[in-house]
Undergrad: 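Before anything else, here's the structure in question.
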Amino acid sequence: MGGDLATWPGLPYVLLFLEWEAKYPREWTRHAKAWGTKESLIREVARARQEEAIKAKLTDLVEIVVHRAYRCKDREYVRVARAVDSADLRGRLDRAVDSDSSWARCHAGYVLWLLDRPDLPNTRHVWQTWVAGGAAALM
């Protein structure tokens with residue numbers, strides 16, 4: 001993918017691949033399951049120059065992911081959230097924190113918490129500590 005991802009002709013397919021996995025996880029798993037590919041593509045789009053159309057699509061993906069049960073490599077979407085951080089994204093995450101879904105409340109709260117702490121790594125240990133209510137110990 002070298003070069004500028006924002007102008008790469010394959011970018012729409014990368015976004016479609018990630019959207020397919022986010023919106024239709026069972027079908028994606030049955031036909032295209034590739035966790036390493038998912039992880040590397042999320043990392044690539046998080047590093048890309050963010051034009052408005054790309055930023056909007058990535059914001060949508062973060063919102064979709066925080067509303068569903070965790071799937072392999074979903075933690076990588078924190079990179080995307082940090083890359084596209086905006087009032088729009090934070091508003092969507094705030095609404096997820098106020099939703100009826102306990103998963104959405106937990107996951108969106110975690111992402112918001114990390115957005116406010118850009119120097120804190122998004123590791124399994126940080127996630128587990130946060131979920132266990134020990135976030136203060138990480139500071």
Undergrad: Specify the closest pair of heavy atoms between Ala81 and Leu89, including all atoms of both residues, with the distance to one decimal.
TA: O-CD2, 3.6 Å
Undergrad: Please, which pairs that meet side-chain hydrogen bond (donor to acceptor under 3.5 Å, both in side chains) have at least one residue in residues 54-74, sequence neighbours excluded?
TA: Glu19-Lys57, Glu21-Arg68, Glu21-Arg71, Thr29-Arg71, Lys38-Asp74, Asp60-Arg92, Glu63-Arg92, Arg68-Asp74
Undergrad: Just how far is it from atom OG of Ser102 to atom NE2 of His107, taken to the nearest 0.5 Å?
TA: 13.0 Å
Undergrad: Which residues pass the side chain to side chain contact (heavy atoms under 4.5 Å, CB included) test with Ala32, sequence neighbours left out?
TA: Phe17, Trp20, Trp28
Undergrad: Check the pair Arg47, Arg79 against side chain to side chain contact (heavy atoms under 4.5 Å, CB included), reporting the backbone distance first and the verdict last.
TA: CA-CA 8 Å; Arg47 283 194 299 262; Arg79 294 175 191 267; 5.5 Å; no
Undergrad: Look at the side chain of Arg90 and the backbone N and O of Asp85, then say whether any donor-acceptor pair between them is shorter than 3.5 Å.
TA: no
Undergrad: Ignoring hydrogens and angles, tell me if any N or O in the side chain of Arg43 forms a donor-acceptor pair with the backbone of Glu76 under 3.5 Å.
TA: no
Undergrad: Is Trp35 close to Lys33 at the side-chain level, that is, under 4.5 Å between some pair of heavy atoms?
TA: yes
Undergrad: Are Leu120 and Val111 linked, directly or through intermediate hydrophobic residues, by side-chain heavy-atom contacts shorter than 4.5 Å (ILVMFWY only)?
TA: yes
Undergrad: So which heavy atom on Tyr110 is nearest to which on Val126, and how close?
TA: OH-CG1, 3.8 Å
Undergrad: Distance check, rounded to the nearest 0.5 Å: Leu115 atom CG versus Arg82 atom CZ?
TA: 7.0 Å
Undergrad: For a quick test of reading the model, state the closest non-hydrogen atom pair linking Ile64 to Lys23 and the distance between them.
TA: CD1-CE, 3.6 Å
Undergrad: Give, for atom CG of Leu11 and atom CD1 of Ile54, the distance between the pair rounded to the nearest 0.5 Å.
TA: 4.5 Å
Undergrad: Which of parallel (below 30°), tilted (30 to 60°) and perpendicular (above 60°) describes Trp130 and Trp113?
TA: tilted
Undergrad: At their closest point, which heavy atom of Trp103 faces which heavy atom of Val65, and how far apart are they?
TA: NE1-O, 4.1 Å
Undergrad: Considering all heavy atoms of both residues, which atom of Val97 and which atom of Gly109 are nearest to each other, and what is their separation?
TA: CG2-N, 3.5 Å
Undergrad: Looking only at heavy atoms, what is the nearest atom pair of Ser99 and Ala104, with distance?
TA: OG-CB, 3.5 Å
Undergrad: Out of curiosity, Asp119 CG to Leu114 CG, how far, rounded to the nearest 0.5 Å?
TA: 11.0 Å
Undergrad: For Trp127 and Thr123: C-alpha separation, side-chain torsions, deciding distance, then whether side chain to side chain contact (heavy atoms under 4.5 Å, CB included) applies.
TA: CA-CA 6 Å; Trp127 164 251; Thr123 63; over 6 Å; no
Undergrad: Could you grab the distance from atom CG of Leu61 to atom CG of Leu18, nearest 0.5 Å is fine?
TA: 6.0 Å
Undergrad: Measuring from atom CZ of Arg30 to atom OH of Tyr24, what distance do you get when rounded to the nearest 0.5 angstrom?
TA: 13.5 Å
